[in-house]
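Okay, so here's the structure we're looking at.
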Amino acid sequence: MSGTEPYLFFCGIKHSGKSTMSAFMSKETGLACFDTDDIILASFPGIHTIRSVYHLLGKESFMEKEAAALSSLADFKPTVTWKGYRGVVSLGGGACDNAPVMDFVTAHGTLVYLAVPEDILFRRISIGGIPPFLDAEHPRESFHQLYSLRNQLYGKHARLVIRLPDCHGRADTFRYLFEQLSDYVDAQSMPEKQ
Ligand SMILES: Nc1ncnc2c1ncn2[C@@H]1O[C@H](COP(=O)(O)OP(=O)(O)O)[C@@H](O)[C@H]1O
Ligand SMILES: O=C(O)C1=C[C@@H](OP(=O)(O)O)[C@@H](O)[C@H](O)C1
Ligand SMILES: [Mg+2]
């Protein structure tokens with residue numbers, strides 16, 4: 001375990017379950033779990049939500065913090081690996097717009113897109129109020145635009161797209177994700193058929 005093994009990066013649109021699923025993944029495999037939002041939040045001791053940090057910094061400055069949070073993982077040496085990976089990282093929903101973040105991800109691991117239908121995401125997001133990056137007057141329409149754009153970007157950049165079912169709750173969703181992910185990783189490590 002040298003600290004040069006790749007990471008699994010979970011990406012996806014806000015509230016697709018990146019943070020929840022990476023925590024399940026860590027529990028299942030023993031892999032270290034990182035969340036760029038949590039790393040950023042830890043550097044703002046008086047502030048309690050990532051939404052407030054985003055509000056305070058604005059988009060550009062937030063994206064710089066996101067890239068710095070990831071860079072801090074470059075030297076991490078794991079005590080546990082899973083199928084050759086050294087950790088699981090949950091990215092923020094806006095990672096696809098952040099070129100340095102996407103460059104880091106390409107250089108350091110496998111990008112997995114957790115794809116969830118638009119209506120389900122909007123329902124989950126609305127529970128916590130309208131986030132600062134949506135138009136407060138027309139939240140559903142602006143989310144539709146954001147979803148279309150990001151769904152396309154994540155679909156293009158990710159090496160693996162996992163379409164998560166919604167009907168079974170978090171633990172069952174994770175079982176499904178884990179099976180898909182394990183199958184993918186196992187297939188990647190199989191020697192080429194002669
Ligand atoms: N499979 C699921 N089914 C139902 N609710 C979920 C599921 N995954 C996540 N959630 C809920 O959706 C919300 C956002 O989850 P979170 O993991 O923070 O998403 P993200 O990190 O992608 O923004 C949380 O309230 C979480 O409990
Ligand atoms: O979609 C976005 O632009 C953002 C999503 C948030 O992360 P989650 O996707 O984990 O909620 C957080 O990084 C920030 O508020 C910006
Ligand atoms: Mg999250």
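For ligands, and for the atoms within them, numbers begin at 1 and follow the listed sequence. Numbering of residues begins at 1 and proceeds along the displayed sequence. Side chains included, hydrogens not; waters and symmetry mates left out as well; all remaining heavy atoms used.
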Which of the ligand 2 atoms, numbered from 1, are nearer than 4.0 Å to a heavy atom of Gly92:
7 (O), 9 (O), 13 (O)
Of all the heavy atoms in Ser16, does at least one lie under 4.0 Å from an atom in ligand 1?
yes
Nearest to atom 12 (O) of ligand 1, what protein heavy atom do you find, and at what distance?
Arg124 CD, 3.3 Å
Would you say Thr20 reaches the Mg ion (ligand 3) with an N/O/S atom under 2.8 Å?
no
Can a donor-acceptor pair be found, under 3.5 Å and without considering hydrogens, that links the side chain of Arg159 to the backbone of Val112?
no
Just heavy atoms, cut-off under 4.0 Å: does Thr173 contact ligand 1 by side chain, backbone, both, or neither?
side chain
Check Ala136 against Pro139 and note the closest heavy-atom contact, atom names and distance.
O-CD, 3.5 Å
I'd like to know whether CG of Asp186 has more than 12 heavy-atom contacts from other residues, nucleotides or ligands below 6.0 angstrom.
yes
Compute the minimum heavy-atom distance from Lys59 to ligand 2 and say whether it is under 4.0 Å.
no
Who's the nearest protein heavy-atom neighbour of atom 4 (C) of ligand 2, and how far?
Phe133 CE2, 3.8 Å
Aromatic centroids of Tyr147 and Phe122 separated by under 6.0 Å
no
Measure Lys18 to ligand 2 on non-hydrogen atoms and call it side chain, backbone, both or neither using the 4.0 Å cut-off.
side chain
Is_contact(atom 20 (P) of ligand 1), protein non-hydrogen, under 4.0 Å:
yes
Which residue and non-hydrogen atom of the protein lie closest to atom 3 (O) of ligand 2, and at what distance in Å?
Arg150 NH1, 3.3 Å
Which residue and heavy atom of the protein sit nearest atom 25 (O) of ligand 1, plus the separation
Arg170 NH1, 4.9 Å
Less than 4.0 Å between a side-chain N and a carboxylate O, is that true for Asp119 and Arg140?
yes
Establish whether Leu70 and Leu41 are linked, either directly or via other cluster members, by ILVMFWY side-chain heavy-atom contacts under 4.5 Å.
no
Identify whether the distance between the nearest side-chain nitrogen and carboxylate oxygen of Lys18 and Asp35 falls below 4.0 Å.
no
Arg51 to ligand 2: N or O pair under 3.5 Å?
no
To the nearest 0.5 Å, how far apart are CG in Leu8 and OG in Ser22?
10.5 Å
For Lys65, is there an ion pair with Glu60 - N to carboxylate O distance below 4.0 angstrom?
no
Keeping the roles fixed (side chain from Asp37, backbone from Ile50), state whether a donor-acceptor pair exists under 3.5 Å.
no
Distance to 0.1 Å, residue and atom name: give those for the protein heavy atom nearest to atom 5 (C) of ligand 2.
Gly93 N, 3.4 Å
Got an N/O contact under 3.5 Å between Lys14 and ligand 2?
yes
NZ/Lys83: more than 12 non-hydrogen atoms of other groups inside 6.0 Å
yes
Protein heavy-atom contact under 4.0 Å for atom 14 (C) of ligand 1?
yes
Looking at side-chain heavy atoms only, is the closest gap between Leu153 and Asp97 below 4.5 Å?
yes
Residue Tyr54 vicinity, atoms of ligand 2 by number, heavy atom under 4.0 Å
14 (C), 15 (O), 16 (C)
When distances are taken from atom 8 (P) of ligand 2, the protein heavy atom at minimum range is Asp37 OD2, 3.6 Å
Do the non-hydrogen side-chain atoms of Thr4 and Ser2 ever get within less than 4.5 Å of each other?
yes
Any idea which protein heavy atom is nearest atom 26 (C) of ligand 1, and the distance to it?
Thr20 OG1, 3.8 Å
Proximity of His55 to ligand 2 by residue part, where a heavy atom lies under 4.0 Å
neither
Using distance alone, determine whether Phe62 and ligand 2 share an N or O pair under 3.5 Å.
no
For atom 18 (O) of ligand 1, closest protein heavy-atom neighbour:
Ser19 CB, 4.0 Å
Pair Phe178 + Trp82: ring centers closer than 6.0 Å
yes
Using distance alone, determine whether Gly17 and ligand 1 share an N or O pair under 3.5 Å.
yes
Where's the contact between His15 and ligand 1, heavy-atom distance under 4.0 Å: side chain, backbone, both or neither?
both
